[in-house]
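Fair warning: this is a prediction, and the values are worked out from it, not measured in the lab. Here, residue 1 is the first one in the sequence, and each next residue gets the next number. When a ligand or atom number is given, it counts from 1 through the structure's own listing order.
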Amino acid sequence: MLDTALRIEPAAGCGADVRDIDLARLTPAEAGQLRQALFDHGVLFFRDQTLTPEQHIALAEQIAPIDVNRFFPAAPGYPTIAKVEKTAEQATNIGGGWHTDHSYDVAPALGSVLVARDLPPSGGDTLFADMYAAYVTLDAETKAQISGLRAVHGSDHVFGEKGVYATTDQPELAKGGVETPETVHPVVIKHPGSGKPVLYVNPSFTLRFEGQTREESLPLLMKLYAHAMSMDRVHTLVWQPGMVAIWDNRATWHFAKNDYHGHYRLMHRITLAGCELEAA
Ligand code: OGA
Ligand code: MN
């Protein structure tokens with residue numbers, strides 16, 4: 001069979017749509033092209049897919065080894081698939097603030113493969129922000145200011161015994177007794193797949209710059225966050241049944257909108273293992 005190039009069309013703001021591909025029957029050549037497209041575009045969107053949980057796992061493994069998230073409940077019968085769920089009765093959703101998954105890990109997850117399983121009648125969009133573009137569009141003075149800086153990331157304030165989820169109606173996400181030491185990453189990383197510089201701090205898990213208090217760090221962190229949230233570098237993914245998104249955690253942030261109260265939403269997420277990050 002001839003290897004044909006994937007049909008990839010850049011999406012508004014961030015990421016790219018991939019057309020004419022069956023994720024349940026990916027050839028090794030297509031998997032290689034998908035991985036490179038993921039590194040280049042940060043997030044890929046797919047329509048009209050019919051992935052069983054087994055095919056979801058096989059797809060993830062064609063891209064990278066699986067990294068099981070230690071906080072999320074698993075889909076019944078599938079320990080490597082995380083359940084991202086909000087019931088009609090719950091008020092709190094998962095991922096309802098700008099973040100990138102696993103930045104609190106020494107080797108942060110490469111990305112995630114998210115499959116829509118049950119969608120509300122409307123709402124429940126996911127926003128994606130482009131961190132390559134966030135870095136490139138910083139002014140020269142700010143680039144100089146963050147050059148060589150490193151930042152401390154942690155998860156206890158989110159997933160710990162006294163973290164934000166503990167006092168919500170998603171308390172099973174707050175895990176007492178799970179060892180989560182803080183970790184340090186460069187503020188501008190060299191993307192391991194593309195070699196391009198990326199802004200690697202995020203509002204949910206970055207605590208402070210190394211060698212500074214949180215108070216000392218906040219003015220610059222807030223400036224970087226405000227810049228990175230600029231809507232002209234954000235894509236709004238409006239989910240339809242059969243849609244799949246694969247994102248790169250080093251190149252993008254994401255935000256799950258919580259605007260469908262009284263309705264059920266279920267997504268299946270497989271997290272892809274990553275590597276330690278180097279400065280750009
Ligand atoms: C996640 C997440 C977004 C969504 O799975 O990591 O943030 O829209 N989900 O469900
Ligand atoms: Mn997330």
Side-chain angles (χ1 to χ4, degrees), residues 11 13-15 38 42-46 51 53 56-57 59-60 63-64 66-75 78 80-87 90-105 108-129 131 153-155 157-159 163-165 168 170 172-175 200-206 228-229 234-261 263-274:
C14 176
L38 179 63
V43 52
L44 303 175
F45 310 113
F46 307 85
L51 290 175
H56 185 188
I57 294 166
L59 166 65
I63 302 172
I66 293 175
D67 174 347
V68 179
N69 180 285
R70 59 188 178 280
F71 304 114
F72 288 28
Y78 297 96
T80 59
I81 301 181
K83 211 168 53 155
V84 180
E85 183 180 45
K86 183 182 174 234
T87 65
Q90 282 174 312
T92 304
N93 73 337
I94 299 175
W98 280 116
H99 68 284
T100 186
D101 303 330
H102 291 230
S103 76
Y104 44 79
D105 284 340
L110 180 159
S112 284
V113 182
L114 194 69
V115 175
R117 291 295 178 202
D118 204 329
L119 294 169
S122 67
D125 301 347
T126 309
L127 311 184
F128 291 90
M131 291 302 118
H153 299 244
S155 63
H157 63 293
V158 178
F159 296 116
V164 292
Y165 283 116
T168 69
Q170 296 261 13
E172 63 282 2
L173 289 179
K175 294 273 193 302
Y200 194 72
V201 285
N202 71 87
S204 294
F205 301 119
T206 306
M229 281 171 204
V234 168
H235 182 79
T236 301
L237 173 55
V238 181
W239 292 91
Q240 303 288 334
M243 283 193 77
V244 174
I246 307 180
W247 67 78
D248 183 320
N249 278 317
R250 294 81 52 94
T252 55
W253 288 353
H254 57 280
F255 181 122
K257 285 180 82 171
N258 188 11
D259 56 355
Y260 52 92
H261 296 303
H263 297 283
Y264 183 68
R265 181 177 185 268
L266 174 68
M267 316 296 271
H268 277 178
R269 176 177 124 191
I270 299 183
T271 313
L272 305 170

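Of all protein N/O/S atoms, those under 2.8 Å from the Mn ion (ligand 2) are H99 NE2, D101 OD1, H254 NE2, and waters are not counted.
Side-chain contact of Y264 with E85: a donor-acceptor pair under 3.5 Å is present, judged by distance alone.
The shortest non-hydrogen separation linking F72 to I94 is CZ-CG2, 3.6 Å. For V164 against T168, the heavy-atom pair with the smallest separation is O-CG2, 3.2 Å. In plain terms, the two heavy atoms of R250 and M131 that are nearest each other are O-CB, 4.5 Å.
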Quiz: residues 236-247 side-chain donor-acceptor pairs under 3.5 angstrom, not counting sequence neighbours:
residue, atom, partner, partner atom, Å
W239, NE1, T126, OG1, 2.8
W247, NE1, D101, OD2, 3.4
W247, NE1, N249, OD1, 3.0

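Aromatic rings of H153 and Y200 (six-membered ring for Trp) have centroids within the 6.0 Å cut-off, being under it. Between F45 and H235, the distance separating the two ring centers is shorter than 6.0 angstrom.
A distance-only check finds no donor-acceptor pair linking the side chain of D118 to the backbone of M267 [under 3.5 Å].
The ring pair (Phe, Tyr, Trp, His ring centres under 6.0 Å) search around H56 returns none, not counting sequence neighbours.
Near ligand 1, V84, G95, H99, D101, L114, T126, W247, H254, A256, R265, M267, R269 each place a heavy atom less than 4.0 angstrom from the ligand.
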